[in-house]
Each structure stands twice: as C-alpha cells, then as structure tokens.
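Worksheet: one structure, shown below.
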Amino acid sequence: MSEKSLFTRIIDREIPAEIVFEDDLCIAIRDVNPQAPLHVLVIPKQPVTKISDGDSGDAGLFGHLLLTAADIASREGHEDFRLVINNGAGAGQSVFHLHVHVLAGRGLGWPPG
C-alpha cells in the first residue's frame with residue numbers, strides 16, 4: 001500500500017486544516033502558505049495524483065472542482081480570481097494529490113511566475 005498524501009491525511013482528519021467547504025466529492029482548505037489574501041485549495045477526496053492522470057470518466061469530478069472553486073471565491077467576496085492547477089514537479093506541484101488553487105484579493109499579473 002502506498003503512503004497517504006498530505007491531502008489524504010487532511011481528508012482523513014489525521015492532520016488539522018482550516019476547512020472552508022466540504023461535500024461528498026471534495027474538501028477545500030486555506031493554504032498554510034498563502035500567496036494572496038484568499039488562497040484556498042480545492043482537493044478531490046478521490047486520490048488523483050495529477051490532472052494528466054485523469055480520463056474522460058473524471059470529467060464530472062474535475063468540473064465539480066472548478067465550479068466549487070468559483071463558488072468559494074464568490075462566497076469569500078471575490079468576483080475576480082485565479083484558478084491554478086500545477087501538473088508535475090516541473091510545473092510547481094509539490095503535493096502529488098490533485099488540487100486547485102483559488103487565489104484572489106490582490107493584483108495577479110500575467111504571465112504568472
């Protein structure tokens with residue numbers, strides 16, 4: 001059996017986190033190292049390593065993550081926000097359990113860092 005990811009341990013309540021939303025498919029937590037005034041991670045409860053590991057059967061889950069992220073930004077009072085999904089270490093992924101970053105509350109330049 002493979003070792004649980006940090007996010008699986010949070011989902012299983014083995015590690016504390018500030019949960020801002022949860023349903024049957026995902027959990028959303030505040031990032032412990034926020035890069036903007038709003039920095040929430042939307043994490044599927046199903047352990048998917050990275051988005052490129054998904055297939056057409058995951059379309060509903062992936063869509064749910066994005067719609068949940070948008071709803072969280074809105075509920076937190078942000079009309080303008082950025083969603084980020086890092087896919088692989090070279091793209092900045094450091095926890096290998098798919099997650100969507102929701103960033104808002106400051107200017108977010110383009111191109112991103």
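Atom set for the values below is all heavy atoms of this structure, side chains included, hydrogens, waters and symmetry mates excluded. Predicted model only: the values in this text are computed from it and were never measured. Note that the numbering runs from 1 along the sequence shown for the chain.
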Please report the closest heavy-atom contact between [X] and [Y], naming both atoms and the distance.
X     : Y      : result
His78 : Gly105 : CE1-CA, 3.6 Å
Phe81 : Ala104 : CB-CB, 3.8 Å
Asn87 : Ser52  : OD1-N, 3.0 Å
Ala69 : Leu83  : CB-CD2, 3.6 Å
Ala17 : Ile29  : CB-CG2, 3.9 Å
Ala28 : Ile72  : CB-CD1, 3.4 Å

Mind telling me whether Phe7 and His99 have parallel, tilted or perpendicular rings, with 30° and 60° as the class edges?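 Correct class here is perpendicular.
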Verify same cluster id: [X], [Y] (apolar side-chain graph, 4.5 Å):
X      : Y     : answer
Phe96  : Val84 : no
Leu103 : Ile51 : no
Val42  : Leu66 : yes
Val40  : Leu61 : yes

As an exercise, state the distance from [atom1] of [X] to [atom2] of [Y], rounded to the nearest 0.5 Å.
X     : Y     : atom1 : atom2 : answer
Asp12 : Lys4  : CG    : NZ    : 3.5 Å
His97 : Leu6  : NE2   : CG    : 10.0 Å
Arg30 : Leu41 : CZ    : CG    : 11.0 Å
Thr49 : Gln93 : OG1   : CD    : 8.0 Å
Glu76 : His39 : CD    : NE2   : 12.5 Å
Ser5  : Ile43 : OG    : CD1   : 8.0 Å

Evaluate Arg75 against Val20 for side-chain contact (heavy atoms from CB on, under 4.5 Å), listing each step before the verdict. CA-CA 10 Å; Arg75 285 190 293 113; Val20 298; 5.6 Å; no
Expected output: side-chain [X] to main-chain [Y] donor-acceptor under 3.5 Å:
X     : Y      : value
Arg13 : Ile11  : yes
Lys45 : Asp23  : yes
Arg82 : His101 : no

Are Leu98 and Phe62 side-chain neighbours, meaning at least one heavy-atom pair lies under 4.5 Å? yes
With side chains defined as the heavy atoms from C-beta onward, is the minimum distance between Thr68 and Phe21 less than 4.5 Å?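 They are in contact (side-chain heavy atoms under 4.5 Å apart), so the answer is yes.
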Glu79 atom CD, over 12 foreign heavy atoms within 6.0 Å: no
